[in-house]
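Beneath this line is the structure, given in structure tokens, with notes to follow.
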Amino acid sequence: MPCSTNDQSQSAMTLKPRTGRTRRTTRGLTVFLIIALATVSTPATPAEAASTYGAKAVVIAASKKGAPYAYGATGPRKFDCSGLTLYAFRKAGRPLPRTAEQQYRSTHHISRHQRVPGDLVFFLTGSAIAHVGIYAGHDKIWHAPRPGTRVRLEHIWTRNTRYSRAD
């Protein structure tokens, strides 16, 4: 279909040179995209990368949102804290031992600064491991808190924690 004179003049208008402001905006977006792509495409060190199991375990734990807490339960409908982590990691292909203490001992310990979604977060009472959840990012965990509650995403409420990765 031939262009009308109005269409041609509009096309000519869009081919005008960019203003300085548009060039700066375009340049800024280009720099941003280059940095973003470099960040995403740069291979993570082992300390920065969640295990494949951990990444899957986060999704599995999230799918259990609202499941009731039951002491000693390991799913699929009811959980205690270590039962949820055991269930999520087993479904992800990485078996874990039954209790939070055993899970801590059988996984690779990392620092708070190395944690990524899918890592395990252990809570202490004194020097004993008393609770466990799965790190979801942004200082939050998926966990089965205590009797009378349900599996939920919750902000980490203390710094009295230990972290580990189920490689």
Shared hydrophobic cluster, V151 / V58 (ILVMFWY, side-chain heavy atoms < 4.5 Å): yes
message: Hydrophobic cluster membership, with links at side-chain heavy-atom distances under 4.5 Å among I/L/V/M/F/W/Y: are V59 and Y135 in one?
response: no
Whether over 12 other heavy atoms sit under 6.0 Å from K78 NZ: no
query: Is it true that atom NE2 of H155 has more than 12 heavy atoms of other residues, nucleotides or ligands lying nearer than 6.0 Å?
result: yes
Between atom [atom1] of [X] and atom [atom2] of [Y], what is the distance when rounded to the nearest 0.5 Å?
{"X": "T85", "Y": "F122", "atom1": "OG1", "atom2": "CZ", "value": "7.0 Å"}
{"X": "L124", "Y": "N160", "atom1": "CG", "atom2": "CG", "value": "4.5 Å"}
{"X": "R112", "Y": "D119", "atom1": "CZ", "atom2": "CG", "value": "13.0 Å"}
{"X": "L84", "Y": "I134", "atom1": "CG", "atom2": "CD1", "value": "5.0 Å"}
{"X": "R165", "Y": "I110", "atom1": "CZ", "atom2": "CD1", "value": "4.0 Å"}

- request: Over 60° means perpendicular and under 30° means parallel, so classify the ring planes of W157 and H131, tilted if in between.
  value: tilted
Indicate yes or no: at least one non-hydrogen side-chain atom of [X] is less than 4.5 angstrom from one of [Y].
{"X": "I156", "Y": "F123", "value": "yes"}
{"X": "T107", "Y": "L96", "value": "yes"}
{"X": "Y87", "Y": "T74", "value": "no"}
{"X": "Y69", "Y": "D80", "value": "yes"}
{"X": "E154", "Y": "H143", "value": "yes"}

Of all the heavy-atom pairs spanning [X] and [Y], show the shortest one and how long it is.
{"X": "P95", "Y": "G93", "value": "CD-O, 3.6 Å"}
{"X": "L153", "Y": "A136", "value": "CD1-CB, 3.6 Å"}
{"X": "W142", "Y": "K65", "value": "CZ3-CB, 3.8 Å"}
{"X": "A57", "Y": "A92", "value": "N-CB, 3.9 Å"}
{"X": "D167", "Y": "S51", "value": "CA-CB, 4.1 Å"}
{"X": "K64", "Y": "P76", "value": "NZ-O, 3.1 Å"}

message: Given 3.5 Å as the limit, does a donor-acceptor pair link the side chain of R98 with the main chain of G72, or not?
response: yes
query: R115 and V121: side chain to side chain contact (heavy atoms under 4.5 Å, CB included), yes or no, with the steps?
result: CA-CA 9 Å; R115 68 186 180 175; V121 182; 5.9 Å; no
- prompt: Hey, are D139 and R159 close enough for a salt bridge, meaning a charged N less than 4.0 Å from a carboxylate O?
  reply: no
- prompt: If we ignore angles and hydrogens, is there a donor and acceptor under 3.5 Å between the side chains of Q103 and S82?
  reply: no
query: Could you walk me through whether H109 and S164 pass the side chain to side chain contact (heavy atoms under 4.5 Å, CB included) check?
result: CA-CA 4 Å; H109 302 171; S164 72; 4.1 Å; yes
